[in-house]
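What follows is a short report on a single structure.
This structure is a prediction, so every number in the text was calculated from the model and none was measured.
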Amino acid sequence: MVRYFLIALFGCIGFFAQAQEVVVVKKFAEIENMFNSKSEEVHVINFWATWCGPCVAELPYFVEASTTFKNKNVKFSFISLDFKNQYESKLLPFLEKNPLPGDQYNLWDMDYNAWIDKVSPEWSGAIPVTVIMGPKGKLVATSSFESSEELNDLILQALK
């Protein structure tokens with residue numbers, strides 16, 4: 001009896017330990033409100049891709065920041081620009097091996113010129129880019145972070 005209970009228990013644990021859910025976004029309009037909302041919460045939004053070396057290199061800083069700001073009013077979202085045909089072959093396996101905090105999106109809208117300025121006029125379209133939405137407005141980091149301290153400083157600035 002105990003043996004069957006343990007088998008059932010470990011089966012459930014395996015079920016819950018599956019890869020993170022990634023929301024497929026076909027058109028930018030589906031997530032556009034993320035960049036216009038005003039709230040007391042600080043929202044850290046990172047655009048990245050598995051094929052972007054600097055993007056992947058800075059991801060551990062976000063994992064660390066999620067721990068640092070765990071008890072603060074900070075939310076993390078990651079918007080992958082991996083191509084539609086890389087969703088199952090690259091993005092999902094990457095996230096299974098390297099889980100990220102917060103919400104995961106895969107944006108398939110290839111009409112970049114139509115939506116980049118809606119994210120920020122400061123953004124050229126190059127990744128990585130991080131947008132931090134706070135009660136006092138929007139902060140945009142248009143280059144990769146060299147350390148977790150750089151990211152943490154921007155989040156602290158948004159929390160003030």
Rounding to 0.5 Å, atoms OG (S120) and CD1 (I45) come to a distance of 11.0 Å
Give a yes or no on whether W123 and I31 share a hydrophobic cluster (residues Ile, Leu, Val, Met, Phe, Trp, Tyr; joining criterion: side-chain heavy atoms under 4.5 Å apart). yes
In Å, rounded to the nearest 0.5 Å, how long is the span from CD of E32 to NZ of K27? 13.0 Å
Hey, could you give me the CG/CG distance between N46 and L100, rounded to the nearest 0.5 Å? 8.5 Å
Are V44 and F78 joined in one hydrophobic group, where the rule is that I, L, V, M, F, W and Y side chains link up if heavy atoms are under 4.5 Å apart? yes
Using the rule that Ile, Leu, Val, Met, Phe, Trp and Tyr join whenever any side-chain heavy atoms are under 4.5 Å apart, tell me whether V140 and L154 fall into a single cluster. no
Heavy-atom distance under 4.5 Å between the side chains of V63 and P101, does that happen here? yes
Carefully, step by step, assess E21 and V23 under the rule side-chain contact (heavy atoms from CB on, under 4.5 Å). CA-CA 6 Å; E21 179 184 354; V23 176; 4.2 Å; yes
Test ring pair (Phe, Tyr, Trp, His ring centres under 6.0 Å) applied to W48 and F62, F94, F145, Y105, the passing residue: F94
If we count only N and O atoms by modelled type, under 3.5 Å, do the side chains of Q86 and N106 hold a donor and an acceptor together? no
Okay, side chain of K136, backbone of K160: is any donor-acceptor separation there less than 3.5 Å? yes
Just by distance, do the side chain of E58 and the backbone of P54 share a donor-acceptor pair under 3.5 Å? no
Can any side-chain N or O of Y61 pair as donor or acceptor with the backbone N or O of E146 at less than 3.5 Å? yes
Within the 4.5 Å heavy-atom criterion, are M133 and M34 side-chain neighbours or not? no
Does one side chain, of E41 or S39, offer a donor that lies under 3.5 Å from an acceptor on the other? no
In the single-linkage hydrophobic clustering (I, L, V, M, F, W, Y; side-chain heavy atoms under 4.5 Å), do L139 and I116 co-cluster? no
Count I, L, V, M, F, W, Y as connected when their side-chain heavy atoms are under 4.5 Å apart, and connections chain through other members. Are Y87 and Y112 then in the same cluster? no
How about W51 and V56: do any of their side-chain heavy atoms sit closer than 4.5 Å? no
Any donor and acceptor pair, going by atom type alone, linking the side chain of D82 with main-chain N or O of L91 inside 3.5 Å? no
In the structure I gave you, are the side-chain heavy atoms of V131 and K138 within less than 4.5 Å of one another anywhere? yes
Hey, are the side chains of D111 and F28 touching, using non-hydrogen atoms and a 4.5 Å cut-off? no
Determine, for K75 against D103, whether the closest basic-nitrogen to carboxylate-oxygen distance falls under 4.0 angstrom. yes
Taking C-beta and beyond as the side chain, do F83 and W108 meet within less than 4.5 Å on heavy atoms? no
Are side-chain heavy atoms of Q104 and S80 found at a separation under 4.5 Å? no
T50 OG1 to L92 CG distance, which is reported to the nearest 0.5 Å: 10.5 Å
Polar side-chain atom of W115 near backbone of D109 as donor-acceptor pair, under 3.5 Å: yes
Side chains of I155 and I132: closer than 4.5 Å at any heavy-atom pair? yes
Centroid separation F76 to F69 less than 6.0 Å: no
When rounded to the nearest 0.5 angstrom, what distance separates CG in D117 from CD in E122? 10.5 Å
